[in-house]
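Okay, handing you the structure first.
Naming: A, B, ... by sequence-line order, numbering from 1 per chain.
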Amino acid sequence: MSPDRISNQQLADTFNLIADLLEIRGEVIYKILAYRKAAESLAELNNDAYDIWQEGKLTQIPGVGKAIAEKIEEIFTTGKLGFLEKLTAEVPLSLAEMLQVPDLGPKKIGLFWKELGITNLSELEAAARSGKLRTLPGMGEKSEARILSGIEAYKRRSTRIPIGQAYPFAQRLISRLSQAADVVRVEMAGSLRRGKITVGDLDILAAATDSAAIMALFLSDPEIVRVKGRGETKSSVEYAHGLRAQLWVHPPERFGTAWQYATGSKDHNVRLRELALKQNLSLSEHAFTRPDGSEILCATEESVYATLGLPFIPPELREDRGEIQAALQGKLPKLIEIEDIRSELHAHTTWSDGHLSIQQLAEAAGRRGRKLIVISDHSASLAITGGLTTEDLQRQREEIDRVQQLLGDSILILQGIEVEIRADGSLDFPDDVLADLDIVTASLHTSLRQPRQQITERLLKAIHNPHVDIIGHPTGRMLPNREGADLDMEAVMKAAIENQVALEINAHPARLDLDDINARRFVEMGGLLAINTDAHAESDLDLLHFGITTARRGWVEAPAVLNTWEIPKLLAWLKNRHDTR
DNA sequence: GCCGTTTTCGGCCCGACTGTTTTCAGTCG
């Protein structure tokens, strides 16, 4: 790593890794928490830590004291960290990776390592299969079986990169490549552009009159660990963490066919080529070709589709899920756009586990054009978040009133709650408390492994509560590793529609829950959606586009989404719900 | 390791669930 290119995120990754390794070694928990706190602060910093360091103000970052500031300085100065090198000499790095296995935590990993010398997953699997784990203190047959099934789940996990990592990386890459000479435009393609939750390679496409400069710039990135192929029109590289990227360069007059081709999906492209053949045209990434060999060049994707007699099909729809048929019939949906969003209905403040005060959150939302924000902190039983008690709610209401007065009519602040759906399906607050709130989101966070029937009934019970307006991140999945609850979604959707309860598309890239498929099904059934960031920090508000993309992949149009409604319409909907319950 | 002080140490991150236990340890959210 060249020191001056180290990002806040790379620093955060480093300190999280230190925390993992220390935890496996058996360090006192508070030291580990300190590293994690520092990592979290760095990751959500608005300014470059590098600049802060140059101003000599590192210790002003929350959670960064003398020791961590010195480590950051060492990283910036030398590109290395002696402390981490010493630590990894003692605790194998492969142990940290094992933390990704569900139900396997630092204590167990440390135990297996110290008692059996296990340092990686295959050794662990072998030990579990031969019944060695059950002989250790605190272990038994069930624990051994649980670990085996955890390893299976981990192996099933895709090696693809979550969109939350791939997207910002691609953005930085594109802005860098855009500075090359002779370049007209640089764009994302592939599954990243289609908005899939994970991507394999990053596909970047450039239009340039001459490819030499941009190819050279692409290949000169110091973060590249391996060049897999290099050529005039296409090069392919691998970065640290297994991230791979390829860059194609095409002449501007052929950019449309190239971009369409590189965006895919493969199945969508097959269907397009079939359509072309029916018109005696052959379609490739370079052009349409007539039987006599002459070409039709397309500089834009619009002209590619137009040549086939089709309207433009948005990338998110290009999955061969009926979009070409719909386009032929003139029945493509008018997809929701990020500009349609007026409200944020799910966000946290320092009243629970958020990092902003009510005023800071409201102002941050206002700066992003939101006209309404719902303060929806956690309820008490999710104790780790410092959830609110009934008494807290009253005091919070007073603060909201004060902030509302201060901010005037620039943004409307409502009091909501993200109320916990307990293991038995009851809610964390009695009905009379919920009745006093402006809007209620109910969510599952615990006991997500209950059997299908039990957890479905639990969620249905919450949906039937007349005070619940929205179900937050319905399945509780966490990407890429943790699968959501085993819900009977058909029953959940039906109940939600009958009770006029909205389901959330949580926009955080680790959730995107509901997913695109369920969102599409739900809207087709007549359901209402909410698209929320679930913000815990200011930068989280900028993750909204992931939720919008997921909705677009689900063929969702703006009217089906509460957040797009004019504020009076939304308030009237809430009032009507409240009056009739 | 950080922080704040009634400032140089003591507190910080809680509770449900599970599996192993017979009173507790580990994982998760």
- Take atom CZ of A:R134 and atom P of B:dT21, then tell me their distance rounded to the nearest Å. 13 Å
- Assert: residue with more 5' nearest nucleotide on DNA chain B, out of A:L136 and A:L448, is A:L136
- Does the pair A:R129/A:E125 count as a salt bridge with the N-to-O cut at 4.0 Å? yes
- Task: Map A:L99 and A:K142 onto DNA chain B by nearest heavy atom, then report which one ends up closer to the 5' terminus.
- Result: A:K142
- Task: Report the distance from atom CE of A:M478 to atom C1' of B:dG29, rounded to the nearest whole Å.
- Result: 9 Å
- Item | Cationic N near anionic O, under 4.0 Å, A:E344 to A:R368 | no
- Item | Nearest-neighbour nucleotide for the A:A423 side chain, B:dG15, B:dC17, B:dC2 considered | B:dC17
- For A:V64, which contact category applies under a 4.0 Å heavy-atom criterion: base, sugar-phosphate, or nothing? sugar-phosphate
- Nearest to the side chain of A:A383, which nucleotide is it out of B:dG15, B:dG29, B:dG1? B:dG15
- Query: Between A:K66 (NZ) and B:dC2 (C1'), how many Å, whole number?
  - Reply: 13 Å
- Task: Provide the distance between the two P atoms, one in B:dT20 and one in B:dG26, to the nearest whole Å.
- Result: 14 Å
- Within less than 4.0 Å of OP1 or OP2 of B:dG1, is there a side-chain N or O belonging to A:Y30? no
- Message: Looking only at the side chain of A:S143 (C-beta and beyond, no hydrogens), which of the listed nucleotides B:dG26, B:dG1, B:dG19 gets closest?
- Response: B:dG19
- Task: Assign A:R422 to base, sugar-phosphate, or nothing according to its heavy-atom contacts below 4.0 angstrom with the strands shown.
- Result: nothing
- Task: Answer with yes or no whether the side chains of A:S381 and A:D428 bring together a donor and an acceptor at under 3.5 Å.
- Result: yes
- Taking the six-membered ring for Trp and the single ring otherwise, decide whether the centroids of A:Y167 and A:H545 are under 6.0 Å apart. yes
- If the glycosidic angle is within 90 degrees of 0 it's syn, otherwise anti, so just tell me which one B:dT8 is. syn
